[in-house]
Protein chains: 2
Amino acid sequence: MIKLRDLEYLTAIEQHKHFGKAAQACFVSQPTLSGQLMKLEQQLGLQLVERHRRNVMLTPAGEELVKEARNVLQAAGQFESRAKALLDPFAGDLHLGLIPTLAPYLLPHIMADLNTTLPNINFFLHENQTKVLLQQLDEGKLDVLILPYLAEMEKFESYQLFDEPLMLATPKNHPLANKKILSLSDLQGEKILTLADGHCLKDQAMGYCFAAGAKEDNSFQATSLETLRHMVASGMGITLLPALATQGNVASDTIHYGEFQAPAPVRGISLVIRPNYSRMQCVRAIVASVRKSLSGIIS
Amino acid sequence: MIKLRDLEYLTAIEQHKHFGKAAQACFVSQPTLSGQLMKLEQQLGLQLVERHRRNVMLTPAGEELVKEARNVLQAAGQFESRAKALLDPFAGDLHLGLIPTLAPYLLPHIMADLNTTLPNINFFLHENQTKVLLQQLDEGKLDVLILPYLAEMEKFESYQLFDEPLMLATPKNHPLANKKILSLSDLQGEKILTLADGHCLKDQAMGYCFAAGAKEDNSFQATSLETLRHMVASGMGITLLPALATQGNVASDTIHYGEFQAPAPVRGISLVIRPNYSRMQCVRAIVASVRKSLSGIIS
DNA sequence: CTTAATCATAGCTAAAGCCTATCAATTAAT
DNA sequence: ATTAATTGATAGGCTTTAGCTATGATTAAG
């Protein structure tokens, strides 16, 4: 296998037409350069340099190969400079995955600060259900997930970001809308509107509801939180909504969002990465940024 | 300095996503590839590979650098294949220098065989006076000279090709034209037409003439052999012409070419190269070819 | 004839690449 | 659940090689 150093020696010879000066330019001794060049010639099986006391000159083959050598060295230089450019741990593309019940309500709160603290990161946002996100994370298509932590994620590495309370969404005229102090047990006997299968929010919310003695309203399954919200607004039932989705006074004239007393149902939002993920500095910065952004919004 | 082998390891990892298989593809052991790749990462200061038991994947930086690495390796491959193509010692360009008093008369005899025996050599023909040719040979602008050997060429390497006799060119009606047996001493008292200064033929011919007691005709100096020949044809004098220039019956109706008896004046035509010239096989082939071509023409 | 310049040679050292053997962690299977 | 197999990392040792200094040989120049 050819060696880059030898190509440097060859081009130096071409440049200086003098072994001593060429060696000096390569920061090696003259015998070293002489020897390596001879080895190169031997390896290639052809003479590259005509050696005369007063006048070193390249053979035609040498001239030809110097051109090729310069190409190789230039490519190698580009490799190194590209590597140097990639050295900045806070630069490059980063693919962030979020679930649909979180993305539209969380992103407005966090993107501004993320773009400020990591100005050289290009964020690509991917919205998908948990199962898909985990698959894509594992495959390397995604770098970072932000979603409710589940036990099945233990093979990954995760950082707790914040606990998002689940609020009770009821029509304004619903009996529970007036209850000052709300507890899960108040749900006993209620029928709860739910999201479609596959949304982890459904599983989580219904987990709390079942435990409290509520039932799923099987007559309907919403495919998005907004659909769910509109169903509540039109008086078709009640449901649990994550706190971030209740902010901004959306439909606040027709829907009442009730807060449960402790222990309130929550979903623990975490940042999830592959173990050994290469850009830990970046991850730490994201964790810090998101926690900071959320600190004023969710206790 | 980056090493090409490391780039091969990197691209192999990218291809196989598996250390063992990548190592096998590179014909090294798995620990070797692992270690070298780690060293490369350390050297660049950035992680290129995410290592998982089931699933090796490249980091974004790794993906970027694999592209660069392939560029480098491709350039290196081109270097090697170019070197291989240059291996043929009987191929490539060859710059041949000849003097004006030889080139037009010799080349027709030798080029056919040269092109046959060295079909992959491109001959470039350069016509100049000896001094210029030697200078250009020394500078590497020329590869091979064919000219009369002079003592000042001893710093070069030379191969005797043939001895070219000098003939006496006289007008048909000149007294010496009828002499059957011609010797140098017959020139005593004659005035000899000569070439311009700088042509080595002048020095050689006049050397013989002076020794024989002839004189230079200072009233005129020809700038080419053809001019000289025409001057003889028009009866302006006599001169010595190299044998090859007298062949083909040029102006044979007005000029008589007389052959000297032994020891006849000759010029020894040699092939001259730099010592250590790289294409000796080629040179030997040329020497053999020229000798062969001339064998039937000049004893 | 001597001096200076220049490339090659000799002998040595230190580093680097590579190997085998083994470990540790994970996955798959009995 | 325990065992077997897979896979990348680690340890230790061997061999090659790139590099050095010192010196030699040859040529050009004063």
Side-chain angles (χ1 to χ4, degrees), chain A residues 1-10 12-43 47-59 62 138 152-157 274-278, chain B residues 1-10 12-43 47-59 62 134-135 138-140 152-157 274-278:
Chain A
M1 159 117 307
I2 201 76
K3 263 169 288 180
L4 286 180
R5 204 76 226 274
D6 294 341
L7 301 188
E8 288 187 326
Y9 295 154
L10 176 60
I13 282 284
E14 194 274 342
Q15 225 175 66
H16 296 92
K17 308 268 194 265
H18 187 289
F19 279 71
K21 286 170 191 163
Q24 205 170 350
C26 294
F27 304 105
V28 295
S29 69
Q30 169 264 317
T32 295
L33 189 140
S34 268
Q36 292 307 109
L37 195 67
M38 276 190 291
K39 236 185 276 187
L40 178 66
E41 288 180 319
Q42 201 167 344
Q43 189 179 348
Q47 191 176 340
L48 304 175
V49 178
E50 272 185 45
R51 292 143 172 91
H52 303 94
R53 298 292 151 186
R54 277 275 141 232
N55 194 15
V56 170
M57 64 178 60
L58 294 193
T59 65
D138 196 49
E152 64 195 88
M153 300 171 191
E154 67 182 356
K155 60 175 281 198
F156 295 103
E157 200 169 306
R274 289 183 297 278
N276 301 326
Y277 180 56
S278 59
Chain B
M1 159 117 308
I2 203 77
K3 262 166 289 180
L4 286 180
R5 205 75 226 275
D6 294 341
L7 301 187
E8 288 188 325
Y9 294 155
L10 176 60
I13 281 284
E14 194 273 342
Q15 224 175 65
H16 296 92
K17 308 269 194 265
H18 187 289
F19 279 71
K21 287 170 190 162
Q24 204 170 352
C26 294
F27 304 106
V28 295
S29 69
Q30 169 265 317
T32 294
L33 188 140
S34 269
Q36 292 306 109
L37 195 66
M38 276 191 290
K39 235 186 277 185
L40 178 65
E41 287 179 320
Q42 201 166 343
Q43 190 178 348
Q47 191 177 340
L48 303 176
V49 178
E50 272 184 45
R51 293 144 171 91
H52 303 93
R53 298 291 151 187
R54 273 281 138 230
N55 195 14
V56 171
M57 65 178 60
L58 294 194
T59 65
L134 289 175
Q135 172 76 19
D138 196 49
E139 291 168 354
E152 63 194 89
M153 301 171 191
E154 69 182 356
K155 60 175 281 198
F156 295 102
E157 199 170 308
R274 288 184 296 278
N276 301 327
Y277 179 56
S278 59

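Remember, predicted model here, so these are calculated numbers, not experimental data. Chain A is the first sequence line, chain B the second, and so forth, proteins listed ahead of strands; every chain is numbered from 1.
Proximity of a side-chain donor or acceptor of B:T59 to a complementary backbone N or O of B:Q47 within less than 3.5 Å is detected. Side-chain N or O atoms of A:H52 include none that pairs as donor or acceptor with a backbone N or O of B:N276 at under 3.5 Å.
Here the P atom of nucleotide D:dG8 and the CD atom of B:E41 are 13 Å apart, to the nearest Å. Atom-to-atom, CG of A:L33 to C1' of C:dT9 comes out at 15 Å; the value is rounded to the nearest Å. Atom C1' of nucleotide D:dA28 and atom CD of B:E154 are separated by 14 Å, given to the nearest angstrom. At whole-Å resolution of the value, OH in A:Y9 and P in D:dT17 are 15 Å apart. Rounded to an integer number of Å, the gap from CD of A:Q42 to C1' of C:dA8 is 14 Å. Rounded to a whole Å, the CD atom of B:Q47 is 15 Å from the P atom of D:dG8. Put simply, CD on B:E50 is 17 Å from C1' on D:dT7, counting in whole angstrom units. To the nearest angstrom, P of D:dG8 lies 13 Å from CE of B:M57.
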Please list each protein N or O that sits under 3.5 Å from an N or O in nucleotides 24-29 of chain C, with the distance.
from	atom 1	to	atom 2	distance (Å)
C:dT27	O3'	B:R54	NE	3.3

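By the side-chain hydrogen bond (donor to acceptor under 3.5 Å, both in side chains) test, A:R5 pairs with A:E8, A:Y9, sequence neighbours left out. With sequence neighbours left out, B:Q42 forms a side-chain contact (heavy atoms from CB on, under 4.5 Å) with no residue at all. Looking at residues two or more places apart in sequence or on another chain, you find no salt bridge (Lys or Arg N to Asp or Glu O under 4.0 Å) involving B:E157. When the side-chain hydrogen bond (donor to acceptor under 3.5 Å, both in side chains) test is applied to B:E41, the partners found at least two apart in sequence or on another chain are B:R51. Applying the side-chain contact (heavy atoms from CB on, under 4.5 Å) test to A:E152 and every residue at least two apart in sequence or in another chain returns A:L134, A:L150.
Considering only side-chain N and O atoms, A:S34 lies under 4.0 angstrom from the phosphate OP1 or OP2 of C:dA8. The side chain of A:R51 places no N or O atom within less than 4.0 Å of a non-bridging phosphate oxygen (OP1 or OP2) of D:dT26. Remark: A:R5 is in phosphate contact with D:dG19, judged by side-chain N or O atoms under 4.0 Å from OP1 or OP2.
Closest approach of A:D138 and A:K155 over heavy atoms only: OD1-NZ, 3.9 Å.
The stretch residues 14-27 of chain B participates, sequence neighbours left out, in these side chain to side chain donor-acceptor pair (under 3.5 Å) pairs: B:E14-B:R70.
The distance from the CG atom of A:L58 to the CD atom of A:E50 is 9.0 Å, given to the nearest 0.5 Å.
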Protein within reach of the bases, or only the backbone? For nucleotides 10-15 of chain C, mark each nucleotide 5' to 3' as B, S or -, using heavy atoms under 4.0 Å.
------

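Within residues 15-30 of chain A, the residues having any heavy atom under 4.0 Å from DNA chain D are, by residue number, A:F27, A:V28, A:S29.
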Could you list the donor-acceptor pairs under 3.5 angstrom formed by side chains in residues 28-35 of chain B, with sequence neighbours left out?
from	atom 1	to	atom 2	distance (Å)
B:S29	OG	B:T32	N	3.4
B:S29	OG	B:T32	OG1	2.9
B:Q30	NE2	B:S34	OG	3.2

